[in-house]
Trainee: 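Pasting in a structure now, in structure tokens, and then I'll have a few things to ask.
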Amino acid sequence: MIRDMIRLVPDDKRHILPRYFAAVLVLGVAQGLAYSALAPLLTAVFGGDLGTAWRWTIAIAVALVAVGIARYVQAMAGMLIGSAMMRDLRLRLGRHLGSLPLGWFSDNTAGKTSRVMMASTNEVLRVFAQLLTPLITAVLVPVTVAVAMLWVDWRVSLTMVITAPVLYLVNRVGNTLFAGATEAQHDAAARANEQVIEFAQAQPVLRVFGTDASHERQLMSSLQALRTAIRRALFASVPGLAVFTIVVQLTFMLLVWVVVALASDGDLTVPTAIALITVSSRFIEPLSQAADLSSAIRRAQVAARRINALLDAETIAEPAEPSLRPGRRCGSTA
């Protein structure tokens with residue numbers, strides 16, 4: 001998805017991308033470190049060691065300052081990239097369509113092109129401003145917490161690492177199911193657009209010679225197919241989202257069980273156990289946020305592929321310099 005989105009960024013704004021991704025990287029790591037520092041902080045507080053607690057409080061404050069700065073830089077860079085894409089993307093698509101051969105245009109491509117110009121562009125415009133940052137931090141924050149927990153208790157860290165592939169697999173399966181339903185919805189919308197365009201183009205003839213119900217039946221049939229595809233896409237998004245949310249909650253329950261089991265065996269003190277349970281809840285928080293945005297992220301991914309496929313359509317070959325027949329002058333009609 002990230003590669004597809006980078007291709008859509010205007011050339012004059014691509015120099016902002018390293019700043020954007022660096023800010024997101026700092027944001028995710030600093031947020032993960034702030035969450036991880038809760039473990040020694042709470043252990044010191046419940047253990048009555050106020051000197052150590054103050055030191056960890058200062059460390060968390062420094063991490064939160066880094067989070068605030070990184071969030072500001074990321075938000076400003078994302079807004080600049082998003083606004084530039086808003087101005088450039090449709091102009092770029094328009095110029096590309098003007099350079100395509102006439103044979104490329106047909107009833108089928110007309111419907112798909114109108115769908116890309118109107119719907120797909122709207123889906124991708126909010127990626128850098130709203131969607132991509134939660135997606136990246138949903139990976140960086142848990143990884144940072146899992147690594148940092150090695151210095152607190154390696155068994156809890158190992159549990160976090162083991163659950164990561166399961167979460168990735170469940171999310172991948174959900175993405176595959178929803179992507180197929182979204183592709184079907186896009187195709188149904190393209191066919192409906194074709195029918196609408198054909199019906200509108202035929203209006204002069206239909207008004208002169210009249211029409212029968214077959215034309216309206218075809219149009220209504222395509223619209224009904226579109227409604228069916230939208231419902232299927234909606235229903236396809238629910239199982240993946242529900243299963244991923246359940247797996248995230250089961251992950252939290254597993255972490256709590258591990259911590260309680262270790263505390264019951266005397267391997268962990270009660271303050272440390274309370275601290276680890278708190279950190280475990282922070283571990284799954286970005287995963288839950290990513291689950292809430294999963295449908296929008298999947299739609300944007302499909303839309304980016306559609307736009308890039310349109311931009312990859314082969315254009316008419318043009319000479320570097322125009323040539324004139326001998327004896328002709330530029331602008332001559334003879």
Trainee: For F252, which residues count as a ring pair (Phe, Tyr, Trp, His ring centres under 6.0 Å) partner, sequence neighbours excluded?
Mentor: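 Applying ring pair (Phe, Tyr, Trp, His ring centres under 6.0 Å) to F252 gives none.
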
Trainee: Keeping to residues at least two apart or across chains, list the side-chain hydrogen bond (donor to acceptor under 3.5 Å, both in side chains) pairs with something in residues 63-75.
Mentor: Q74-T133

Trainee: Sequence neighbours left out, cut at 3.5 Å: what donor-acceptor pairs do the side chains of residues 54-68 make with other protein atoms?
Mentor:
| from | atom 1 | to | atom 2 | distance (Å) |
| --- | --- | --- | --- | --- |
| R55 | NH2 | T52 | OG1 | 3.0 |
| T57 | OG1 | A53 | O | 2.7 |

Trainee: Quick check against the 3.5 Å criterion: does Y20 have a side-chain atom that pairs as donor or acceptor with the backbone of I81?
Mentor: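 Here the side-chain-to-backbone pair does not exist.
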
Trainee: Side-chain heavy atoms nearer than 4.5 Å, only ILVMFWY residues, links allowed to pass through others: does that put V127 and M76 together?
Mentor: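 Looking at the clustering, M76 is in a separate group from V127.
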
Trainee: Examine L38 and V145 and state if one hydrophobic cluster contains both, with Ile, Leu, Val, Met, Phe, Trp and Tyr joined whenever side-chain heavy atoms are less than 4.5 Å apart.
Mentor: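 Yes, same cluster.
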
Trainee: To the nearest 0.5 Å, what is the distance between CG on L93 and CG on L310?
Mentor: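 The CG atom of L93 sits 5.5 Å away from the CG atom of L310.
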
Trainee: Tell me the closest heavy-atom pair linking R7 and D312, and the distance in Å.
Mentor: NH2-OD1, 2.6 Å

Trainee: Without swapping roles, check the side chain of R305 against the backbone of D4 for a donor-acceptor pair under 3.5 Å.
Mentor: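 Such a contact is absent between R305 side chain and D4 backbone.
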
Trainee: Over all heavy atoms of both residues, which pair between T144 and G28 is shortest? Give the atoms and the distance, please.
Mentor: OG1-O, 4.3 Å

Trainee: Please give me the minimum heavy-atom distance between R92 and V9, naming the atom from each residue.
Mentor: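 So the two residues come closest at NH1-O, 4.3 Å.
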
Trainee: Distance only, no hydrogens: is a donor on one side chain within 3.5 Å (strictly under) of an acceptor on the other, for S281 and T278?
Mentor: no

Trainee: Do T272 and F46 have side chains that get closer than 4.5 Å, going by heavy atoms?
Mentor: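 Counting from C-beta outward, T272 and F46 never come under 4.5 Å.
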
Trainee: Hey, are the side chains of V279 and F283 touching, using non-hydrogen atoms and a 4.5 Å cut-off?
Mentor: no

Trainee: Find out if a path of hydrophobic residues (ILVMFWY) with successive side-chain heavy-atom gaps under 4.5 Å connects V124 to M86.
Mentor: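 Yes, same cluster.
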
Trainee: What's the separation between atom CD1 in I284 and atom CG in L254, rounded to the nearest 0.5 Å?
Mentor: 11.5 Å

Trainee: Taking a hydrophobic cluster as the set of Ile, Leu, Val, Met, Phe, Trp and Tyr residues connected by side-chain heavy atoms closer than 4.5 Å, whether directly or through intermediates, do V258 and V147 fall within one such cluster?
Mentor: no

Trainee: So do I6 and F21 actually touch side chain to side chain, heavy atoms under 4.5 Å?
Mentor: yes

Trainee: Which value, rounded to the nearest 0.5 Å, describes the distance between T269 atom OG1 and L262 atom CG?
Mentor: 11.5 Å

Trainee: Testing L27, L132, L25 one by one against T137 for a side-chain contact (heavy atoms from CB on, under 4.5 Å), which residue passes?
Mentor: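 Among L27, L132, L25, the one meeting side-chain contact (heavy atoms from CB on, under 4.5 Å) with T137 is L27.
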
Trainee: According to side-chain hydrogen bond (donor to acceptor under 3.5 Å, both in side chains), does anything in residues 27-46 pair up with another residue at least two apart or in another chain? List the pairs.
Mentor: Q31-Y35, Y35-E285

Trainee: Quick check for you: to the nearest 0.5 Å, what is the distance between T251 atom OG1 and Q249 atom CD?
Mentor: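 That separation rounds to 8.5 Å.
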
Trainee: Just to verify, what does L150 make a side-chain contact (heavy atoms from CB on, under 4.5 Å) with, not counting sequence neighbours?
Mentor: W154, S157

Trainee: Quick check: closest heavy atoms across L311 and H96, and the distance to 0.1 Å?
Mentor: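 Nearest pair, atom of L311 first, then H96: O-CE1, 3.0 Å.
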
Trainee: Just by modelled atom types, is the A304 backbone N or O under 3.5 Å from a matching donor or acceptor in the N308 side chain?
Mentor: yes

Trainee: Does any pair with a residue in residues 154-165 pass salt bridge (charged side-chain N to carboxylate O under 4.0 Å, His left out), and if so which ones, sequence neighbours excluded?
Mentor: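 Of all non-adjacent pairs touching residues 154-165, those that pass salt bridge (charged side-chain N to carboxylate O under 4.0 Å, His left out) are D153-R155, R155-D267.
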
Trainee: Minimum heavy-atom separation for V156 and L255, please, with both atom names.
Mentor: O-CD2, 4.1 Å

Trainee: Would you kindly confirm whether L131 and M85 end up in one hydrophobic cluster when ILVMFWY residues are joined by side chain heavy atoms under 4.5 Å apart?
Mentor: yes

Trainee: Write down the atom of M149, the atom of L276, and the distance for their closest heavy-atom approach.
Mentor: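 Distance-wise, the nearest heavy atoms are SD-CD2, 3.6 Å.
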
